[in-house]
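Throughout, protein chains are lettered first and strands after them, A, B, ... in sequence-line order, and every chain is numbered starting at 1. Note that the structure is a prediction, hence the values are computed from the model and not measured.
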Amino acid sequence: MQATSARRSKVAGVKKSEKRVETADDDRWIERLNARAKSKRARVTREPSVAFGAETIQRFRLGNGLAVLLVESHHAKVVSFHTWFGVGSRHERDGKTGLAHLFEHLMFNETKNLPAGTFDRKLESIGASTNAATWNDWTYYYEDLPSDALALVVALESERMKNLVLRKSVVDNEIGVVANERRYRVEDDVDGTVNELLYKTAFNKHPYHHPTIGWMSDILAFTPEDCKRFYRTFYAPNNARIIVVGDAKAPELLALVQKHYGDLASAELPTDGYDAEPEQLEERVERLVKPTPTAKVAIGYKSPALAHHDNAALSVLCEALFGGRSARIFRALVTEAELATDLAASVSQFRDPGLFELYATAREGVTVEVLLAGIDHEIKSVISNPVTAQELERSIARQELGFLQGLESVGGRAEQIGFYDTVLDDPAGSLTRLTALRSVTLADVERVAREYLVRSRRTVVLVEPAPASSDAPEGDDGDSASDGGDA
Amino acid sequence: MSGTPKFVVESFTTVPLVELVFAMPAGSALDPKGREGSLVLALRSLRRGAGGRTSTQIDDEIDRLGAELSTGCDALQCSLHATVIARNLEPFFALLAEIALRPTFREDEVARVRREITAELIDARNDDRTLCGRYFRRNLFAGHPLGRPSAGTLATVATLTHQDASDAWKRVWSTKEMVVAAAGDITEAQLRALWDKYFSKGWAPTRERPAEIAEPARKKGRHLVIIDKPARTQSQILIGTLGTHPKDRDHHALYVANTVFGGTFTSRLTQEIRSKRGWSYGASSRLGRERVREAFTMWTFPKATDAPDCIRVELSLLEALCKKGVSARELTFVKKYLKESAVFDTDTASKRLSQRLDEACGDMPAGYHEKFVPKTQEVTLEECQRALEKRLDPRNLLLCVTATASDSRAALEKSIRGLDSTTVIPFDRDEYYP
């Protein structure tokens, strides 16, 4: 497991700021806040700060369990305000898939004190932008706002966490929107269809089996009661964390949070019970025919959870093989053999074991069999011809670049903090992760290649193109009524 | 004399990254007729051999340095865009100089790139939204440089050679008024010093920037283009016409009116299509802002069976907007939104650089971004009304829909009052109207 002590590690190359020294004087404002707290729920406690590159993550907690994490950054008069909930599609059961995602949509609707549309209207009036995302292990909401509007955003976010109204008409309307989102992302998108089928086939017991957006039949059947139950169960302060990065100060922020969230009661959260996925013992293969111009191959090897020490080594291997033009298998199949148009791969960053996912799009005329054979040949050769020191160096440099790019905006930093704190309980987990990636050795990479890139533990989805329209009998639609678009 | 480009730098030293842009005010509009795709082929071939290095050696070195290199190209400009971990800036800059100054354009490597572009053009048929946008643009700007596909078509790309690539690169690289820009952990003095050390002896600008292109022609009537793809459960829909030019007197008024109509989540279009009817996950309108007259578009993607009704509502919303304009309340609200949200146009060094590049490269008039918000605050209701009447005539619209024609055509045609023509294009064709 990754050592929690590494949370305080500095990333070499990220410039060091003045070390913040917390003294008793610093926290007199907390005493003053607590003196006027109306209940234990609203009491503020400071938790140990964590170094985050050149910056510091200050951590606080309300008596009701709500965590508040703040990174002060005064380069621009903007703030990114994130609210992360420890609920995602992994918490759904059969017949109710897609509820976490549908609920995320509903959070932008009516509340007890805000008619429909008012939430967005108020945010737009201050120039803020807002959105949200849901995935297997989490859901989060964010606002990017001018820093002088922080009070309004805290009030709005707390309002929808306390007083959401879930009328049938609103739920039905949002079901229509989500069903249409599913058509966009899955039904009419070959890559979306393949990704969904890959996970459905690779996982039989674990909830990673079902897609975060949910099965269409489940989406269409949700009721307001389903949504109300979900709200009461998971949208509790002790299942949430607020992350603020930008031009904000702790005393003002915590005063606002105490005022608006301090009356919320914590809830008894359901245990995170799910059926563990049995070990996969043989290869699983699915075939599809789609109106796509070229064949596609997707492969998912079972991979370790994000917190597992092999996850970093497997990510380094993945980058060395598939991460860009210098990567070994990308070069072999895209550039040299010209079997594929594109190759993309990644290792799941999930709380539980996931997949080493690989997606390949064939060149025109290349069959799934030929493309799969090419991939298999290259994967096999990784065992006999392990990753070299140069490949390791390039892989780690690319991952460092990606990490640094994520630090450029306040929103990017808030997202990194929220993600790692929610999934690993480590707000500086992205730095811990970078340290782990840099520590990966050639021996580690060789070992994980042997251990995880195993045929009996993989799932394969093969997509063959449906006959082209020019090959099919054509009606009078071909070029009919064409004016050629001449202007 | 090799000349000196313009330098633009936005320093931000907290994160040890440097973003570099070499922007040239010349683009794919310079590709000869029938050789469309030449410049993109050139840009992508730059890293496939330069100086004494092979393609493989260059790729390895870029990744070893923790860097990325990409290229951008549209009708009017092209660029090299790079990012590197700051500690490796100098060796990366030296490598960029080799790539830009001494590309080899070897025949076999250029042919390989040509085959990659061909494969990508074919693969893009998978994406319904891309298909819809592709044919919207090719039809709206038919016969105009803005309608020319920068990456070329299957037919034109197939004929391109390493000589086309080499010629195309010489055309743009030798253009005066190139801008060298950087954001991040770098100062202007550092950037100038690096330029002097690695580029100054090799860059010899001789060509004037290309003349401004002509105004695109506005096509009369309502025209439907169906991109016919089997088994569609959903329709991608783009409806639009020509939009605005930064030198238009009503440029800011039209922008404000569009923001009311479909520029925010609470705008008319989003409210009517998504919030009230639940028809489409996305519903918005856009007014392109470039140094030429770009497009005005409405974008939605409803269920295939909802598409005719969705189009009907979109058209009636646009007609109402053009006839009655925006309300005083809407105008006040949108002005405030534009004023308050402006801080997010400049909150990172990268965004500030982008704005300065727009002006330094000549895409926008000097001071355009600084004056933009103040000018929107001066817009009146009457100016909005006049701009809408003049620029967005709902009788003259192009409607592009990705759909299964055999299922949808009749209903789509019925939904469009005053339809003048229908064109059906199989999704796996590559139609282009030079």
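Interface remark: B:Lys276 contributes backbone atoms only to the contact with chain A (heavy atom separation under 4.5 Å). B:Thr118 does not touch chain A: none of its heavy atoms, backbone or side chain, sits under 4.5 Å away. Heavy-atom distances place both the backbone and the side chain of A:Glu181 under 4.5 Å from chain B. For A:Thr292, the parts sitting under 4.5 Å from any heavy atom of chain B are the backbone and the side chain alike. With a 4.5 angstrom heavy-atom cutoff, B:Gln236 touches chain A only via side-chain atoms. B:Ala342 does not touch chain A: none of its heavy atoms, backbone or side chain, sits under 4.5 Å away. Contact of B:Thr264 with chain A is made through backbone and side chain together, with heavy-atom distances under 4.5 Å. Neither the backbone nor the side chain of A:Ser395 comes within less than 4.5 Å of any heavy atom of chain B. Only the side chain of B:Arg47 comes within contact range of chain A, with at least one heavy atom under 4.5 Å from a heavy atom of that chain. Both the backbone and the side chain of B:Tyr337 come within contact range of chain A, judged by heavy atoms closer than 4.5 Å. A:Lys290 does not touch chain B: none of its heavy atoms, backbone or side chain, sits under 4.5 Å away.
Taking 4.0 Å as the cut-off between side-chain N and carboxylate O, B:Asp60 and A:Arg331 count as a salt-bridged pair. Salt bridge A:Glu174/B:Arg274: present, at least one basic N to carboxylate O contact under 4.0 Å.
The CD atom of A:Gln390 lies 13.5 Å from the CG atom of B:Asp63; values are rounded to the nearest 0.5 Å.
Per-residue counts of heavy-atom pairs under 4.5 Å with chain B were compared for A:Glu391, A:Glu187, A:Gln405; the largest is that of A:Gln405. Most heavy-atom pairs under 4.5 Å with chain B: of the set A:Lys77, A:Glu338, A:Glu408, A:Glu393, this distinction falls to A:Glu338.
Side-chain atoms of B:Thr233 and A:Arg183 form no donor-acceptor pair, as typed in the model, at a separation below 3.5 Å.
The aromatic rings of B:Trp299 and A:Tyr184 stand perpendicular to each other, their planes meeting at an angle above 60°, with 30° marking the opposite boundary.
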